[in-house]
4 protein chains.
Amino acid sequence: MRVKEGNKEIDIIEAAVKVFAKYGYHNSKISKIAETANVATGSVYVYYKNKEDILLKIFSDLWTKLYDELDLIVSNTSLSSIEKLDAMIDLIFDVFSEEPSLALVFVNEQNHLEQSNKKGFTNYYEKFLDRGEEIIKKGIDEGLISENIDLTIFRNFVFGAIRHLVHCWARDPKTFTINKTRMNVKLFIKHGIAK
Amino acid sequence: MRVKEGNKEIDIIEAAVKVFAKYGYHNSKISKIAETANVATGSVYVYYKNKEDILLKIFSDLWTKLYDELDLIVSNTSLSSIEKLDAMIDLIFDVFSEEPSLALVFVNEQNHLEQSNKKGFTNYYEKFLDRGEEIIKKGIDEGLISENIDLTIFRNFVFGAIRHLVHCWARDPKTFTINKTRMNVKLFIKHGIAK
Amino acid sequence: MRVKEGNKEIDIIEAAVKVFAKYGYHNSKISKIAETANVATGSVYVYYKNKEDILLKIFSDLWTKLYDELDLIVSNTSLSSIEKLDAMIDLIFDVFSEEPSLALVFVNEQNHLEQSNKKGFTNYYEKFLDRGEEIIKKGIDEGLISENIDLTIFRNFVFGAIRHLVHCWARDPKTFTINKTRMNVKLFIKHGIAK
Amino acid sequence: MRVKEGNKEIDIIEAAVKVFAKYGYHNSKISKIAETANVATGSVYVYYKNKEDILLKIFSDLWTKLYDELDLIVSNTSLSSIEKLDAMIDLIFDVFSEEPSLALVFVNEQNHLEQSNKKGFTNYYEKFLDRGEEIIKKGIDEGLISENIDLTIFRNFVFGAIRHLVHCWARDPKTFTINKTRMNVKLFIKHGIAK
DNA sequence: AATGAATGAGATTTCATTCAT
DNA sequence: TATGAATGAAATCTCATTCAT
């Protein structure tokens, strides 16, 4: 259990996630974030260099978490490649379904950060995708997955697809039920839609 | 009277696509767009109400074009559903591969517009997806496509996947060759990756 | 009878009176005046040097008209000073009651012009007041009007009072009926309110 | 924290009165007001929402002050109605003679505010006139003032007259000496000019 | 004379960031 | 550390005026 004991550094991040999710990065004011975090405007700059730095922290935390969890899956020797693939998809949906605001920020602002190409962010993001790619490679080696696919393309195909569906879910959770969505995704990825 | 030489209305849009692609919508200054279009700053406002109006025009033009072309495909009675699906994928890649800047704007700013939810935009975008969905429905009826898929989820799955790959291509055309990319996409969508 | 035969110079003035009355001088756009006059924007500048020039023309026309009519009254040897005073008051109310828009422009923008202190305007305005002052002087000489009044103060007292009442009337003609208003004004000026 | 030295809120208002008086509301730039107040441009917006808000504050302060002082006069049981009327006239001249700039702003911009009809302003202005009207009503009841006058017209007659004279005084204090002016005004209002 | 597209100077306003306390 | 008043650079947008036709 996390106890809320006035950790401003964390409060600010949590507030920023909410505010960025609601208004978008560029329309979010530092003063609004500070207010949401119950902190003075100036205090934000005690913990973060500037506005972008906050976004950077959000994403690096996110990808670190995703990476660490993915690592457990990949390292788990009792799972087949296909099962790992499923587990990876579940992981992503699980992480975001806990925090819809984070999902929105992730979807809307990831491009922004990629453009400014900060280290510490790209690192973890790429590492995550690399780790996911290992699953597929293994699957190919084991003969479970087709050898005719381009791994780089595939991983971005999946990334884009899931990101957009997370977006859909965050905006309209009734239509895009987590379980229905993830089930379909697994199906599409593994078997496509052709009969 | 002073008469139009050239076509400033179009020049401005083309300039805006370039500038938005390079700097992102929020970091693009009207003065930069005007400069790029060889036009005075004020002239931008002769043709467009404000900055967002320009973006709106870019997107509504884009989706109108995509819709019209998709319409031809869907109406073509000599194609099977699967062939139509392939043709739709080709269409998207074709449109963007002609204009990498437009591709970047499309990828980065679509969310922005969806949030402000302007008419004239959402209309065409949704209509395009609706039309694409018809292909799949037909395919299901014809027994070519699995009946176990959720159409709404599927269309967003594909939309997100392709959008991200277009992005990848625009940023790194060497790695994400148009042909290799579209080939893989068709494969993934139809057959998935499982053997 | 004035025949409307496409005299742009006049059309523009009449349009300007309407537009200034509705939006105020500073919020009135030349393009709106042109539109109202059924004339192209550029044509306004064929007849008037700039925006202020239009206002100047409105006021100089107004004061010229008022002056000429007042001249007739003052020169009329068959009227007593008191009757002339009454006639002057009637004159002002008559002129404005014909054109409520003009009344509003008069009230709201006179100060603006006085500040920029253009000739051709101040001239007629001052001449009008001078001519009015003659009536009072004569009345004093004839023993009809108190000799204890400061003429300069009096003329501005009356000017300010009537101007404001014209304003009241233009904004709320039901409450400030022309006849009731002018009757009261005559009473106040001549006899004050004390019993 | 950085703490208020001096009082910028008041400094800005005082600067605005000067600047509005000199250039008129529409020709006054925020940057000029800020400069005059020895404050950064942005600081103006810390205290006031926008330019009109500043004007609003000036007027509501003014009318509040006038109202409060008039209240004392009206409530003073040792004065006759006629004496109260005189005191009211004195009050107005006293308030403005302390601050010629304020007088000019009052005269030139009151209409502007009436048009945009903001609350907090109209309230106090109308309340002041209402309170003044009470004096007249009482005077009528006491038989000191003629019962043949329309109160609404009268109050606007006086308001317009005095406003314009305040204007004359502010622009040319030599000619329109406060004392001479107020003396004449009292005379005109009470006894008119007829012998 | 008439047009209206084009101009560009300039003003308002915003808000990330600073810094004195 | 914490504050929040103060800053001022920067960007959008307006519109009077111009001028090529």
Side-chain angles (χ1 to χ4, degrees), chain A residues 6 8-9 12 26-35 38-54, chain B residues 1-9 12 26-35 37-54, chain C residues 6 8-9 12 26-35 37-54, chain D residues 1-9 11-12 26-35 37-54:
Chain A
K8 292 192 200 301
E9 192 168 352
I12 290 165
H26 281 100
N27 294 315
S28 294
K29 302 175 201 170
I30 294 288
S31 58
K32 184 75 185 173
I33 293 171
E35 185 197 274
N38 279 315
V39 143
T41 303
S43 302
V44 172
Y45 289 85
V46 172
Y47 297 97
Y48 301 96
K49 212 177 80 226
N50 53 34
K51 196 173 160 182
E52 195 171 56
D53 195 36
I54 301 173
Chain B
M1 77 177 161
R2 210 134 140 208
V3 124
K4 290 188 204 176
E5 325 119 27
N7 188 326
K8 295 197 196 301
E9 193 167 354
I12 290 165
H26 281 101
N27 294 315
S28 295
K29 303 168 210 166
I30 295 287
S31 58
K32 185 75 186 172
I33 293 172
E35 187 196 87
N38 277 315
V39 144
T41 304
S43 300
V44 173
Y45 291 87
V46 172
Y47 296 98
Y48 303 96
K49 217 176 79 231
N50 52 35
K51 201 169 142 184
E52 193 171 56
D53 196 36
I54 301 174
Chain C
K8 291 191 200 303
E9 193 169 352
I12 290 165
H26 280 100
N27 295 314
S28 294
K29 302 176 202 172
I30 294 289
S31 58
K32 183 74 184 175
I33 293 171
E35 185 196 275
N38 277 314
V39 144
T41 303
S43 302
V44 173
Y45 288 85
V46 172
Y47 297 97
Y48 302 95
K49 213 177 79 227
N50 53 34
K51 196 174 161 182
E52 194 170 56
D53 196 36
I54 301 173
Chain D
M1 80 178 157
R2 211 136 141 204
V3 124
K4 290 187 205 178
E5 324 119 26
N7 188 325
K8 295 195 198 301
E9 192 167 354
D11 292 349
I12 290 165
H26 281 101
N27 295 314
S28 296
K29 302 167 212 168
I30 295 288
S31 58
K32 185 76 186 170
I33 293 171
E35 187 196 88
N38 277 315
V39 143
T41 304
S43 301
V44 173
Y45 290 86
V46 172
Y47 296 98
Y48 302 96
K49 216 177 79 230
N50 53 34
K51 202 169 142 183
E52 194 171 55
D53 195 37
I54 301 174

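Note that the structure is predicted; figures quoted are calculated from it, not measured. Chain identifiers are assigned alphabetically (A, B, ...) following the order of the sequence lines, protein sequences preceding nucleic acid strands; residue numbering begins at 1 within each chain. The figures here come from the full heavy-atom set of this structure, side chains too, leaving out hydrogens, waters and symmetry mates.
For the pair Lys8(D) NZ and dA20(E) C1', the computed distance is 12 Å after rounding to whole Å. Here dT12(E) presents its C1' atom at 18 Å from OH of Tyr48(D), a figure rounded to the nearest Å. The nearest whole Å value for the distance from the CG atom in Asp53(A) to the C1' atom in dT17(E) is 14 Å. Straight-line distance from the CD atom of Glu35(C) to the P atom of dC15(F): 14 Å, rounded to whole Å. For the pair Asn27(C) CG and dA16(F) C1', the interatomic distance rounds to 14 Å; values are reported in whole Å. Distance Glu52(B) CD to dT12(F) P: 13 Å, rounded to the nearest Å. Across the protein-nucleic acid pair, Glu9(A) atom CD and dA2(F) atom C1' stand 15 Å apart, rounded to whole Å. Taking atom NZ of Lys49(C) as the reference point, atom P of dT17(F) lies 9 Å away to the nearest angstrom.
Among all heavy-atom pairs drawn from Ile12(D) and Tyr48(D), the shortest one is CG2-CE1, 3.8 Å. Listed here is the closest heavy atom pair of His26(C) and Lys51(C): O-NZ, 3.8 Å.
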Tabulate below the donor-acceptor pairs under 3.5 Å that side-chain atoms of residues 27-34 of chain D make, not counting sequence neighbours, or state none.
residue  : atom : partner  : partner atom : Å
Ser28(D) : OG   : Val19(D) : O            : 3.3
Ser28(D) : OG   : Gly24(D) : O            : 2.7
Lys32(D) : NZ   : Glu35(D) : OE1          : 3.4

Atom pairs under 3.5 Å, N or O on each side, protein against nucleotides 9-11 of chain F: can you list them with distances?
residue : atom : partner  : partner atom : Å
dA11(F) : OP1  : Lys29(B) : NZ           : 3.4

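Remark: DNA chain F forms stems of 3 or more consecutive Watson-Crick or G-U wobble pairs, all pair distances under 3.5 Å, at E:2-21 with F:2-21.
In this structure, Tyr47(A) reaches the dA2(F) phosphate: one of its side-chain N or O atoms is under 4.0 Å from OP1 or OP2. In this model, the phosphate group of dC13(F) is approached by a side-chain N or O of Tyr45(B) to a distance below 4.0 Å at OP1 or OP2.
The side chain of Val46(A) lies closest to dT3(F) when the candidates are dG8(E), dT3(F), dG4(E).
When each of Asn50(B) and Ser43(D) is assigned the nucleotide of DNA chain F bearing its nearest heavy atom, the one mapping closer to the 5' terminus is Ser43(D).
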